[in-house]
Structure formats: C-alpha cells, structure tokens
**Student:** 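First the structure, which I've put down as structure tokens, then a few questions once you've had a look.
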Amino acid sequence: MSWPDHAIWWHVHPLSFLGAEPDALPAGAPVRHRLPVLVDWLDHLVGLGCNGLALGPVFAAETHGYDTTDHFRVDPRLGTEADLVELVDRAASRGVRVLLDGVFNHVGRSFAPFADVARRGAASPYADWFVPEGDDFRTFEGHRHLVALNHASPAVADHVADVLGHWLDRGVAGWRLDAAYAVPRPFWRTVTDRARARHPGVWFSGEVIHGDYAAYVVEGGLDTVTQYELWKAVWSSLNDRNPHELAWALKRHNAMLDTFAPQTFVGNHDVTRVASRLEDPRHLAHALAVLFTVGGTPSVYAGDERARKGVKEDRVGGDDAIRPAFPLSPSDLGAEGLAVQRLHQTLVGVRRRHPWLVRAQTRIHTLGHSVLSYSLVAPDAGSTLAVALNFGPSPATADIPAAAWTPVAGDASVDSVTGSVALPPASWFIATTSGIHN
C-alpha cells in the first residue's frame, strides 16, 4: 500500500479558519503571520487519528482565496513562504503530509498576466492565456471576478506545471485541484505527468461534482476525485429514513473502486455542515460510520469533529457560516461537541486498524425500510468488517454473515450463529471477524 492508501485528511480553509481579513491587504501593509497558528493544531489533528492536513487556498488572492493573484506567493493575510514551509516541515515531523489547494481553472482579475492583457490587449505576451468573450473575457460560471484560463495555451500549462513543481519542491505531498470538472482532462494529464516526472509520489485529488468520475483518473492523470454522489446519498437517505438511495450510491461506489479510491467526505468548505444538514442528530453517527468504513480516502472538515453547525446560502457571504474563525488553540474549543470528537477518534481508530478498507467494496445483506447492513472483505480474505444501520425510530433487525463477530463500535448485539443483528432505535453497529468470504 502506498501512503495515500493510509491517508485520512483534516481539511482546513485557512483564510477563514485563521480569521483573516475578507479582502486582500493594501499594498505595503505588514504581513500577518497567521499560518504558524496551525502548528498548534497538529496535536489535535493527530489526536483525531488523521495523518494529513488538507489546506484550502494559501496563495495571494483578492478575497476568499479562489480568486488567485499570484500562485508563487503566500497570501500576506496568512504569512510568508517561510511560514508555509515551516508548517510543512513541522507537520512532516509528526508524520503528517500537507495537501495544497490549486486553483488553476480561473484567476482573480488582478492576476498580473490578466491585468497586462486588460491593459495592452493583443499586444500582451499573455494574450493567449485568456479567451475573449463579447466585450470581456470568459469567466468561471458567470462570475465576472473569476477569469477563466485558456487551457489550450501551452504557456498556461507551463505556468501550472511550474507552480506544482515549485511547491512540491518545498515538501508538500499533493494537490487538490479546484473546479477540476471545468478543465479539459487532457490538460490535467499534461501537467500531472510533468509533476510526477520530478515527484513520483505526488497525489492529485480533483474537485468533480458530477460526470464521469473515473475518466478524470484514467484520462486526466488524477489519483482521485471528490465523491459527491456518496456525500449526497448519505444525508439524503438518513433524512428520508430510506436507505435505498445510499445502497444505490454504494453500488456505484463499488464500480469506482475498480479504478480508483474516491475521496470521501460528509462535509467540506463548500457545503452545509453535516450537523446542520441532518434532521436527526442521532444520524451523525450513522454518517460517520459510513464514511470510515466504505472504500475511499476519507477527510474530515475542521469543526465537523465537534458537530459544528453552519448553513451555506446562495448569496454574497453565503459561505461565512460554514467557514467560521476558530480559536488560536484547540485547548480553547471548550467541551461542546467533545462526544462527537471522541466518536471520530473511535471510528478513525477502526479505519486505522483495517487500512485495507481503502479499496474494499461493499456487499449489502439487508436493505429494507429504515435498515441497511453491509460487509467489506480484505483482499486476502483475512478479515471482514460488517456494518448495520437502523435509520428509524423503532427497534429493527438486520442480517450479516454468520460468524464469530467481535463488536468494535455502536450499540447493538449480534447472534453469531444466525448473523442477526438486533438494533435499538436509530442505532448503528460495526463488528469484525476473520476468515469470511463474501
């Protein structure tokens, strides 16, 4: 197994997490050295059982970070290159790898090459970096302040490859590729191949919301993509108390696992927090049980481990509630949500003891009204893990293969002779055994 097969990410949006100003600092303003604060959160990350720090945008930008103005400069609201390198080095000393967020589909309007094109037009050496459209230039999904790059330009590919290499040379382990779905897959293949030539161990995760997930891996040269299908099925099925949508998503998830290990999550910086999305607070444990048992590379959005709430709204500032500022130290979090943090530690521990789950496919045993059970088997069939979920408010039963099961988490009992699991209302159950074949 390679290092990504063992990765469990803790995901932070640094600008908001560290309480940065909402807009870029004025020219000449002193640098705000905020990134070193994240060093103090490494103990929290490791204490959860995670071993990866997935950073949102850290490069110079106009506002929220996804309107980059300089890919080679750390945003002065966060610090300097030295601050970032120090964070990477300190993380490495704890066995933690760092993932950067690469926004290569679009840039902010004050991105120097675009500013030059806006001033000089076709006479600019960067003229082919952008695509004229009407009396302006092509933008990302209609957002005028986000100017789309021309991915047919060899110079743009050179620029992106240089950015990837620059920061990989400084110790980062990989990249989240923002809006990967909006970029032609051959472009990704070009730049990822060039990065791998110098850094064979680099890991690329593409943000893909819909479409042919596997094609971005096979054709685009990515290692994985974000599994939005599974994310939606988890909370939707739990809210409806109907496991059929989740069962269907797990079937599609199995097909993806034939090609790659998807990046799985129940929360991130772009969606309503899972504790707000779920209508029954008891279902948070069910969502986490799925996240940490099914195949894929799981991530935890900072704050979700304390059941933080926040609703995303479709308006200016609509991300503010899901991207709040956090204390300078995890010791200042207080006791609220501590039980959910301990639940994360329990389930991450299950995952750590069964690293083969990263590529394990699910076999469903019970699919009924409010009840779902499934099992996963190690490639060498040396061990098996079973999960039973009761979505409903009444006691229920579910079936798993008959075996000498050892319960490891949850609140249920299993009859080893019959494989029948007795589930209390809104409960869940995880058990392990050895020598069972699906």
**Student:** Go through the steps for Tyr228 and Val208 under the test side chain to side chain contact (heavy atoms under 4.5 Å, CB included), then give the verdict.
**Tutor:** CA-CA 8 Å; Tyr228 270 91; Val208 179; over 6 Å; no
**Student:** Do NZ/NE/NH1/NH2 and the carboxylate oxygens of Asp178 and Arg176 come within less than 4.0 Å?
**Tutor:**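 So Asp178 pairs with Arg176 through a salt bridge.
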**Student:** Does a sphere of radius 6.0 Å around CZ in Arg353 hold more than 12 heavy atoms from other residues, nucleotides or ligands, not counting ones at 6.0 Å or beyond?
**Tutor:** yes
**Student:** Does some side-chain heavy atom of Val340 sit less than 4.5 Å from a side-chain heavy atom of Glu305?
**Tutor:** no
**Student:** With a 3.5 Å distance limit and no angle check, can you tell me whether Thr433 reaches the backbone of Ala404 through a side-chain donor-acceptor pair?
**Tutor:** yes
**Student:** Do Leu230 and Leu246 have side chains that approach each other closer than 4.5 Å (heavy atoms only, starting at C-beta)?
**Tutor:** yes
**Student:** Examine distances only and state if a side-chain atom of Ser276 and a backbone atom of Thr272 form a donor-acceptor pair shorter than 3.5 Å.
**Tutor:** no
**Student:** Any salt bridge linking Arg32 with Asp83? Criterion: basic side-chain nitrogen under 4.0 Å from a carboxylate oxygen.
**Tutor:** no
**Student:** Any side-chain donor paired with an acceptor under 3.5 Å for His143 and Tyr66?
**Tutor:** no
**Student:** Would you please test Phe187 and Val160 for side chain to side chain contact (heavy atoms under 4.5 Å, CB included) and show each step?
**Tutor:** CA-CA 10 Å; Phe187 177 87; Val160 172; 3.8 Å; yes
**Student:** CG/Asp280 to CG/Leu238 distance, rounded to the nearest 0.5 angstrom?
**Tutor:** 9.0 Å
**Student:** For His145 and Phe140, what are the C-alpha separation, side-chain angles and deciding distance, and is it a ring pair (Phe, Tyr, Trp, His ring centres under 6.0 Å)?
**Tutor:** CA-CA 9 Å; His145 61 290; Phe140 173 57; 9.5 Å; no
**Student:** Could you report the tightest heavy-atom contact between Arg77 and Ala20, atom names first, then the distance?
**Tutor:** CB-CB, 4.0 Å
**Student:** Does Trp41 form a ring pair (Phe, Tyr, Trp, His ring centres under 6.0 Å) with Phe17? I'd like the steps, not just the answer.
**Tutor:** CA-CA 11 Å; Trp41 283 84; Phe17 186 93; 5.0 Å; yes
**Student:** In terms of side-chain geometry, is the basic nitrogen of Arg196 or Asp223 positioned less than 4.0 Å from the acidic oxygen of its partner?
**Tutor:**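 So Arg196 pairs with Asp223 through a salt bridge.
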**Student:** Can you find a heavy atom in the side chain of Thr226 that is under 4.5 Å from one in the side chain of Trp231?
**Tutor:**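 Side-chain contact under 4.5 Å: no.
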**Student:** Ignoring hydrogens and geometry, is there a side-chain-to-backbone donor-acceptor pair from Arg359 to Phe260 under 3.5 Å?
**Tutor:** no
**Student:** Testing the basics here: between Ala412 and Ala422, what is the closest heavy-atom pair and its distance to 0.1 Å?
**Tutor:**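 Answer, listing the atom of Ala412 first, then Ala422: CB-O, 3.3 Å.
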**Student:** State, without any angle test, whether Tyr181 and Asn105 hold a side-chain donor-acceptor pair at a distance under 3.5 Å.
**Tutor:** no
**Student:** Between His71 and His166, do the side chains contain a donor N or O and an acceptor N or O under 3.5 Å apart?
**Tutor:** no
**Student:** Strictly distance-based, threshold 3.5 Å: is any side-chain N or O of Ser236 a donor or acceptor partner for the main-chain N or O of Ala233?
**Tutor:**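 It does not hold such a pair.
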**Student:** Could Arg170 and Glu86 be called an ion pair, given the rule that one side-chain N must be under 4.0 Å from one carboxylate O?
**Tutor:**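 No salt bridge links Arg170 with Glu86.
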**Student:** Checking salt bridge (charged side-chain N to carboxylate O under 4.0 Å, His left out) for the pair Glu229/Arg252: CA distance, chi angles, key distance, verdict?
**Tutor:** CA-CA 9 Å; Glu229 286 187 8; Arg252 289 179 55 83; 2.7 Å; yes
**Student:** Is the closest side-chain heavy-atom distance between Leu288 and His344 below 4.5 Å?
**Tutor:**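 Answer yes - side chains close enough.
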**Student:** Between Ser331 and Ser329, is there a side-chain donor-acceptor contact under 3.5 Å, judged purely by atom types and distance?
**Tutor:** yes
**Student:** Output yes when a side-chain donor or acceptor of Asn268 lies under 3.5 Å from a complementary backbone atom of Asp270, and no otherwise.
**Tutor:**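 Yes, the answer is positive, given that a donor and an acceptor are paired below the 3.5 Å cut-off.
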**Student:** In Å, rounded to the nearest 0.5 Å, how long is the span from CG of Leu347 to CZ of Arg342?
**Tutor:**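 Reported to 0.5 Å precision, the distance equals 14.5 Å.
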**Student:** Test ring pair (Phe, Tyr, Trp, His ring centres under 6.0 Å) on His283 and Trp235; report intermediate values, then the result.
**Tutor:** CA-CA 9 Å; His283 285 156; Trp235 61 259; over 10 Å; no
**Student:** For Glu219, does the CD atom sit with more than 12 other heavy atoms under 6.0 Å from it, leaving out its own atoms?
**Tutor:** yes
**Student:** Any donor-acceptor pair under 3.5 Å linking the side chain of Glu62 with the backbone of Arg109?
**Tutor:** yes
**Student:** Report the distance from atom CG of Leu18 to atom NE2 of His13, rounding to the nearest 0.5 Å.
**Tutor:** 10.5 Å
**Student:** Is the His354 ring parallel, tilted or perpendicular to the Trp356 ring (thresholds 30°, 60°)?
**Tutor:**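 Rings of His354 and Trp356: perpendicular, over 60°.
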**Student:** For Lys312, look at atom NZ and say whether over 12 heavy atoms of other residues, nucleotides or ligands are found less than 6.0 Å away.
**Tutor:** yes
**Student:** Do the non-hydrogen side-chain atoms of Val387 and Trp428 ever get within less than 4.5 Å of each other?
**Tutor:** no
**Student:** Between Asn390 and Val371 (side chain of the first, backbone of the second, donor and acceptor by atom type, cut-off under 3.5 Å), is there such a pair?
**Tutor:** no
**Student:** Would you say that Thr80 contacts His33 through its side chain, given a criterion of any heavy-atom pair below 4.5 Å between the two side chains?
**Tutor:**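 With C-beta onward as the side chain, the pair touches.
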**Student:** Pair Leu376, Thr384 - check side chain to side chain contact (heavy atoms under 4.5 Å, CB included), show working.
**Tutor:** CA-CA 6 Å; Leu376 308 102; Thr384 304; over 6 Å; no
**Student:** To the nearest 0.5 Å, tell me how far Thr68 OG1 sits from Phe111 CZ.
**Tutor:** 8.0 Å
**Student:** Ring of Tyr301, cation from Arg323 - is the NZ or CZ under 6.0 Å from the centre and inside 45° of the axis?
**Tutor:**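 No, Arg323 does not sit over the ring of Tyr301.
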**Student:** Do His159 and Phe72 pass the ring pair (Phe, Tyr, Trp, His ring centres under 6.0 Å) test, and can you show the C-alpha distance, the side-chain angles, and the key distance before you say yes or no?
**Tutor:** CA-CA 10 Å; His159 173 75; Phe72 292 101; 5.8 Å; yes
**Student:** Using the six-membered ring of Phe59, assess whether NZ or CZ of Arg73 lies under 6.0 Å from its centre and within 45 degrees of the ring axis.
**Tutor:**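 No, cation not above the ring by the 6.0 Å, 45° rule.
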**Student:** If we ignore hydrogens and angles and just use 3.5 Å, is the side chain of Ser237 paired with the main-chain N or O of Val234 as donor and acceptor?
**Tutor:**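 No: the side chain of Ser237 does not pair with the backbone of Val234.
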**Student:** Is the shortest heavy-atom distance from the side chain of Val290 to the side chain of Leu389 under 4.5 Å?
**Tutor:** yes
**Student:** Do Asn51 and Arg352 pair up side chain to side chain, a donor and an acceptor below 3.5 Å, judged on atom types alone?
**Tutor:** yes
**Student:** Within this structure, what is the CG-CG distance for the pair Leu367 and Leu372, rounded to the nearest 0.5 Å?
**Tutor:** 6.0 Å
**Student:** Once you round to the nearest 0.5 Å, how far does CG of Leu99 lie from CH2 of Trp203?
**Tutor:** 6.0 Å
**Student:** Is it the case that atom CH2 in Trp248 sees more than 12 heavy atoms from other parts of the structure closer than 6.0 Å?
**Tutor:**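 Not buried by this count: 12 neighbours or fewer within 6.0 Å.
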**Student:** Measure from the ring center of Trp9 to the ring center of Phe265 and say whether it is less than 6.0 Å.
**Tutor:**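 Centroid separation for Trp9 and Phe265: 6.0 Å or greater.
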**Student:** Are any of the side-chain heavy atoms of Thr293 and Leu385 separated by less than 4.5 Å?
**Tutor:** yes
**Student:** Could you check Arg363 against Asn254 for side-chain hydrogen bond (donor to acceptor under 3.5 Å, both in side chains), going step by step and ending with a plain yes or no?
**Tutor:** CA-CA 9 Å; Arg363 179 184 178 186; Asn254 281 345; over 6 Å; no
**Student:** Verify, without hydrogens or angle tests, whether Arg277 (side chain) and Val271 (backbone) share a donor-acceptor contact under 3.5 angstrom.
**Tutor:**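 Not a single qualifying donor-acceptor pair exists.
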**Student:** Would Ser205 and Gln263 count as a side-chain hydrogen bond (donor to acceptor under 3.5 Å, both in side chains) if you check the C-alpha gap in whole Å, the side-chain angles of each, and the deciding distance to 0.1 Å?
**Tutor:** CA-CA 7 Å; Ser205 175; Gln263 187 175 356; 2.3 Å; yes
**Student:** Is there a donor-acceptor pair under 3.5 Å between the side chain of Thr190 and the backbone N or O of Pro186?
**Tutor:**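 Confirmed, Thr190 side chain pairs with Pro186 backbone.
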**Student:** So does Arg198 pair up with Asp169, basic N to acidic O under 4.0 Å?
**Tutor:** yes
